[in-house]
Enquirer: 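Here you go, one structure.
Computation of the quantities below employed the complete heavy-atom set of this structure, encompassing side-chain atoms and omitting hydrogens, waters and symmetry-equivalent molecules. Everything quoted here is computed from the prediction, not taken from an experiment. Each chain gets a letter, A, B and so on, in the order the sequences are listed, and its residues count up from 1.
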Number of protein chains: 2
Amino acid sequence: MPGPRRKTAPERNDDNPANRREDLVRVAARLFREKGFDGTTVRDIATAVGMRSGSPFYHFANKHELLMAVMEEGLRLGLERSEAVIEDAGLPAMERFKRLVRTHYGILHDTGSDFIPVMLYDWRSLPDQYKRRIIELKDRYDDIWQSTLEDLQRQGLIRTDAKLARLMILGAINFSATWYHARSRAKNAVSLDALAEQTVALVTHPT
Amino acid sequence: MPGPRRKTAPERNDDNPANRREDLVRVAARLFREKGFDGTTVRDIATAVGMRSGSPFYHFANKHELLMAVMEEGLRLGLERSEAVIEDAGLPAMERFKRLVRTHYGILHDTGSDFIPVMLYDWRSLPDQYKRRIIELKDRYDDIWQSTLEDLQRQGLIRTDAKLARLMILGAINFSATWYHARSRAKNAVSLDALAEQTVALVTHPT
DNA sequence: CCTACCGATCGGTAGG
DNA sequence: CCTACCGATCGGTAGG
């Protein structure tokens, strides 16, 4: 008997269970971003990876654990990239800041990078018991920004309290998830590089 | 026969149908903000205003029209307050900007002001056919900010393109919906006045 | 990972 | 605005 009809070919790796799990997380991220956690059914996700409706529950105990996996993957990838920026010890704070800003825009808008937007916009759908684990990772990410902004503030390049600056700057960048669309062909489309540059120009005060 | 049990007294006005409609919009805004559009049932809303499950459909054709009414009310209130700021012709651009920032924080965090946060976080739940009407109002709101930021830029108080500045600054403020909680008793709690001040300090460059 | 299925919930409606 | 209700959908499961 044929499976359910699909409009597009399923996105699947080979049959290695670990890879199939990855498929689910990646596709879930995309669908959650597009339609929200509550607006996406487990059936939608299953179909998109070429499974039947009950099979995702072989990989995840329930839908919420799939949501957590999406967020966790986003923070894991984000931490990897941002820690690499920080580890370059010779970099001046201003240069570190510029790279962190550009990296964060990439995390939001690079192709296939749907994990962090899901965290930002479906945070309230995550049950409290799962939040702890994500918060732990999120705190590490915030720390990277925090220490960089404290350096900038000491140098007089930023005028406000470092913590508030962090919340506002990340807020400004995060909000681009609602209006920036990389695929847009509009003439006035801005590159991520330009966007990062403008963001830095807006909030820093060169002496 | 008694109605369904409630944990809290229903929030109701008198029986004037227009007032009951307002009750629904206000309560829906609060619940949508807390639990999301998809996470809130029409039954939840009905119970909270002291109606039975089918009765909201006497006031609204469907759940989506209730969502639209919430967003519309938010923009109506926001426009009212912001236009008042703009209309004071004698005001320097910098002072206008400060007041707009403070006003926007109020729109997000004043008691009972849940309409705009719903628009920000449940925008994708609004069907396209309803979006047009909301976009029209939203454009008027953006115009107020846009012209003020253009003035600031001409005076050299802001370093970036006015449109990008608008998106980034409103983004920074809007994102406070995810982390600022007016009721929080934390010692480091910041007032909306202080928040507005810090925001202005972050993005303006006094000469 | 599939088949076959269930229990619960939910938006919405007819008729008063 | 209430009563009584329906059709559809959905997360999740047993058994293989």
Side-chain angles (χ1 to χ4, degrees), chain A residues 1-6 10-28 31-32 34-70 122 125-127 129-130, chain B residues 1-6 10-28 31-32 34-70 122 125-127 129-130:
Chain A
M1 241 189 299
R5 294 194 195 117
R6 296 178 212 96
E11 297 181 31
R12 59 179 307 163
N13 263 296
D14 57 49
D15 287 342
N16 179 318
N19 287 340
R20 295 301 275 150
R21 197 190 131 97
E22 277 175 36
D23 290 346
L24 283 167
V25 174
R26 180 172 34 79
V27 164
L31 295 176
F32 289 162
E34 281 170 19
K35 307 192 289 181
F37 177 74
D38 288 315
T40 304
T41 68
V42 173
R43 282 163 171 79
D44 292 337
I45 299 166
T47 303
V49 298
M51 287 178 184
R52 312 311 276 284
S53 71
S55 301
F57 295 107
Y58 170 77
H59 296 273
F60 294 91
N62 54 58
K63 194 185 175 189
H64 284 112
E65 295 213 343
L66 188 44
L67 177 62
M68 189 181 62
V70 167
D122 273 316
S125 296
L126 192 69
Q129 70 217 79
Y130 297 129
Chain B
M1 243 188 300
R5 294 193 195 119
R6 296 179 211 96
E11 297 181 32
R12 57 178 310 163
N13 261 298
D14 58 51
D15 288 341
N16 179 320
N19 287 341
R20 294 302 275 152
R21 190 181 190 274
E22 276 174 38
D23 289 345
L24 282 168
V25 174
R26 180 172 33 80
V27 164
L31 294 176
F32 289 163
E34 282 171 20
K35 307 194 288 180
F37 177 74
D38 287 315
T40 304
T41 68
V42 174
R43 283 165 172 76
D44 292 336
I45 299 166
T47 301
V49 298
M51 288 180 186
R52 313 310 277 281
S53 72
S55 301
F57 296 107
Y58 170 78
H59 296 274
F60 294 92
N62 54 57
K63 194 184 173 189
H64 283 113
E65 295 213 344
L66 188 43
L67 177 62
M68 189 182 61
V70 167
D122 274 316
S125 295
L126 192 69
Q129 71 217 80
Y130 297 131

Enquirer: How close or far is atom C1' of D:dT9 from atom NZ of A:K35, stated in whole angstroms?
Expert: 13 Å
Enquirer: For A:F57 and D:dG11, what is the distance between atoms CZ and C1' respectively, to the nearest whole Å?
Expert: 5 Å
Enquirer: Check whether any side-chain N or O of B:R20 sits under 4.0 Å from OP1 or OP2 of D:dC1, and answer yes or no.
Expert: yes
Enquirer: Among C:dG12, D:dC1, C:dC1, which nucleotide has an atom closest to any side-chain atom of B:S55?
Expert: D:dC1
Enquirer: Who is the Watson-Crick or G-U wobble partner of D:dG11, with both distances under 3.5 Å?
Expert: C:dC6
Enquirer: Using the side-chain heavy atoms of A:R52, tell me which of these nucleotides is nearest: C:dT3, C:dC1, D:dG12.
Expert: C:dT3
Enquirer: Nearest whole angstrom, please: distance from the P of D:dC10 to the NZ of A:K63.
Expert: 9 Å
Enquirer: Map A:T41 and B:R21 onto DNA chain D by nearest heavy atom, then report which one ends up closer to the 5' terminus.
Expert: B:R21
Enquirer: Grab the CZ-C1' distance between B:R43 and C:dC10 for me, whole Å please.
Expert: 6 Å
Enquirer: Find out whether B:D44 and B:K35 are in side-chain contact, i.e. whether some heavy atom of one side chain is under 4.5 Å from a heavy atom of the other.
Expert: yes
Enquirer: Which whole-number value in Å describes the distance from A:F32 CZ to D:dG11 C1'?
Expert: 12 Å
Enquirer: Heavy atoms from C-beta onward define the side chain here; which of D:dC1, D:dC2, C:dC2 lies closest to that of B:Y58?
Expert: D:dC1
Enquirer: What's the CD1-C1' distance between B:I45 and C:dG11, to the nearest Å?
Expert: 11 Å
